[in-house]
2 protein chains.
Amino acid sequence: MDNSLLLSSIAKYVTLDEQEEQYLLSLLHYKKAKRKQLVLEEGDISSKVIFVTAGCLRSYAVDKNGTEHVLQFAPPGWWIVDMRSYITGEPARLNIDAIDDSEYIFFNKIDFEELNLKVPKFERFNRILGQNAIATYQHRQIDNAIFAAMERYANFCQLYPSLIKTLPQKQVASYIGVTPEFLSKMLNTQIVK
Amino acid sequence: MDNSLLLSSIAKYVTLDEQEEQYLLSLLHYKKAKRKQLVLEEGDISSKVIFVTAGCLRSYAVDKNGTEHVLQFAPPGWWIVDMRSYITGEPARLNIDAIDDSEYIFFNKIDFEELNLKVPKFERFNRILGQNAIATYQHRQIDNAIFAAMERYANFCQLYPSLIKTLPQKQVASYIGVTPEFLSKMLNTQIVK
DNA sequence: AAGAAAACTTAATGTAGATTAAGAATGAAT
DNA sequence: ATTCATTCTTAATCTACATTAAGTTTTCTT
């Protein structure tokens with residue numbers, strides 16, 4: 001069970017004292033997920049906030065034809081949550097599963113909200129974390145509108161070089177928004193990168 | 001100058017005391033923007049956080065052909081910011097301008113950060129605000145991947161009925177990610193809604 | 001090591017939406 | 001009220017990517 005990754009992630013933005021750290025750690029739960037194991041199923045209520053410590057999780061939605069559309073990958077050090085379900089208690093729209101054998105730690109919503117209340121520095125961390133996530137979403141939204149698939153692929157390789165090395169090609173295709181067939185064709189019929 | 005909209009927005013999530021309110025209000029700036037006036041130009045540094053009090057602002061990016069791609073509309077009660085530029089001080093990628101004659105209030109970054117530090121309840125408000133924004137971005141990302149233009153248009157009408165009434169059609173087209181020509185054709189050749 | 005499943009590749013055909021072009025209608029400026 | 005600019009409409013043609021289908025390769029399971 002590796003909490004040091006979480007503590008060092010938080011320490012990038014705020015400095016918790018020993019007591020605050022202990023309190024935070026006391027609210028953490030640890031879990032393993034086997035490759036392909038569902039961590040959150042659409043339709044369930046997503047009442048936890050997940051931090052990945054090993055392996056890789058992904059969140060995705062499934063369309064009416066059964067095609068998966070990846071929203072996010074979460075390698076170690078990343079948070080992942082169906083945010084609307086978390087906030088409102090609505091059934092989740094996203095599935096979260098493990099691309100590889102994975103480990104993660106998580107807070108239940110009640111604990112997480114209490115922690116924010118009692119440790120304002122943690123709330124600060126989450127405010128900043130949220131801003132970073134918004135910045136990323138804003139960029140991705142615009143990139144999807146402006147750039148063609150090839151450019152989106154190149155951007156992905158540049159932004160996430162370690163992910164490209166390990167992720168199956170079809171997952172990358174799903175993330176950038178094209179079919180596996182098209183990505184394959186694109187990569188093999190033209191000069192890339 | 002209408003701060004009551006801002007105060008009531010904040011009061012939905014946190015209760016500030018009189019002193020905290022006064023402090024917050026002392027950091028606010030007010031501005032008007034004429035129709036089509038730029039509030040933020042791409043390339044500049046976006047070091048302020050804007051809250052719209054009248055009219056409607058929009059943020060958009062311009063592609064290499066000069067085509068505009070709307071990221072967000074901000075009618076009264078909405079916040080709008082190029083978040084990456086705000087966080088990192090990089091040149092803004094987004095433009096923000098006024099669709100109609102508008103009024104807005106804003107914080108400078110230094111003031112905003114200080115306010116968050118000195119009024120933890122305000123930071124709490126921003127943490128929650130950020131979560132709501134993330135939820136919206138997550139949904140929009142998935143909608144864009146899954147739904148066709150017609151469905152995206154219908155969703156927009158449902159989510160933002162007052163915006164549909166006043167927004168020019170080409171702006172809506174840009175927001176849902178199609179050309180004005182295609183939206184026009186779509187709306188006029190089939191049964192809608 | 002063998003067999004099954006999954007991922008990747010390849011190619012032909014189809015399609016949602018873009019592009020190009022231009023006319024009609026509406027809104028803004030004077 | 002008139003003129004100009006902008007927005008919307010219409011239609012033909014084009015295109016980036018999807019769909020369908022099937023073969024090959026790789027990975028997983030036993």
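The sequence lines fix the lettering, A, B, ..., with proteins before strands; numbering per chain opens at 1.
Residue B:Lys185 contributes atom NZ, which lies 10 Å from atom C1' of C:dA18 at whole-angstrom precision. Summarising the geometry, the separation between CG on B:Asn144 and P on C:dA16 is reported as 17 Å, rounded to the nearest angstrom. Atom CD1 of B:Ile99 is separated from atom C1' of D:dT7 by 14 Å (rounded to the nearest Å). A straight line from CE of B:Met186 to P of C:dA18 spans 10 Å, rounded to a whole angstrom. In this structure, CG of A:Leu183 is placed 8 Å from P of C:dT9, rounded to the nearest angstrom. Residue B:Glu181 contributes atom CD, which lies 15 Å from atom P of D:dA12 at whole-angstrom precision. In this entry the distance linking CG of B:Asn188 with P of C:dA24 reads 16 Å, nearest Å. Distance, A:Phe147 CZ to D:dC17 P: 13 Å, rounded to whole Å.
For B:Phe182, whose side chain is taken as the heavy atoms from C-beta onward, the closest listed nucleotide among C:dT20, C:dG17, D:dC17 is C:dG17. Residue A:Ala149 places its side chain closer to D:dC17 than to any other of C:dT19, D:dC17, D:dT20.
Qualifying salt bridge (Lys or Arg N to Asp or Glu O under 4.0 Å) partners for A:Lys48, counting only residues two or more places apart in sequence or in other chains: none. Applying the salt bridge (Lys or Arg N to Asp or Glu O under 4.0 Å) test to A:Glu68 and every residue at least two apart in sequence or in another chain returns A:Arg58.
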Under 3.5 Å, N/O pairs linking protein and nucleotides 5-7 of chain C:
unit_1 : atom_1 : unit_2   : atom_2 : d
C:dA7  : OP2    : A:Lys170 : NZ     : 2.7

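You'll find the side chain of A:Leu28 reaches within 4.5 Å of the side chain of A:Leu6, heavy atoms only.
Heavy-atom contacts from other residues, nucleotides or ligands closer than 6.0 Å to OH of A:Tyr13 number 12 or fewer. Counting heavy atoms of neighbouring residues, nucleotides and ligands inside a 6.0 Å radius, atom NZ of A:Lys31 does not exceed 12 of them.
For A:Asn108 (side chain) and A:Ile110 (main-chain N/O), no donor-acceptor pair under 3.5 Å exists by modelled atom type.
For the residue pair B:Asn144 / A:Asn144, no side-chain donor-acceptor distance below 3.5 Å is found, with atom types taken as modelled.
Using a 4.0 Å cut-off, no side-chain N or O of A:Ser184 falls inside it from OP1 or OP2 of C:dC8. Side-chain N/O atoms of A:Thr179 include one lying less than 4.0 angstrom from OP1 or OP2 on D:dA18.
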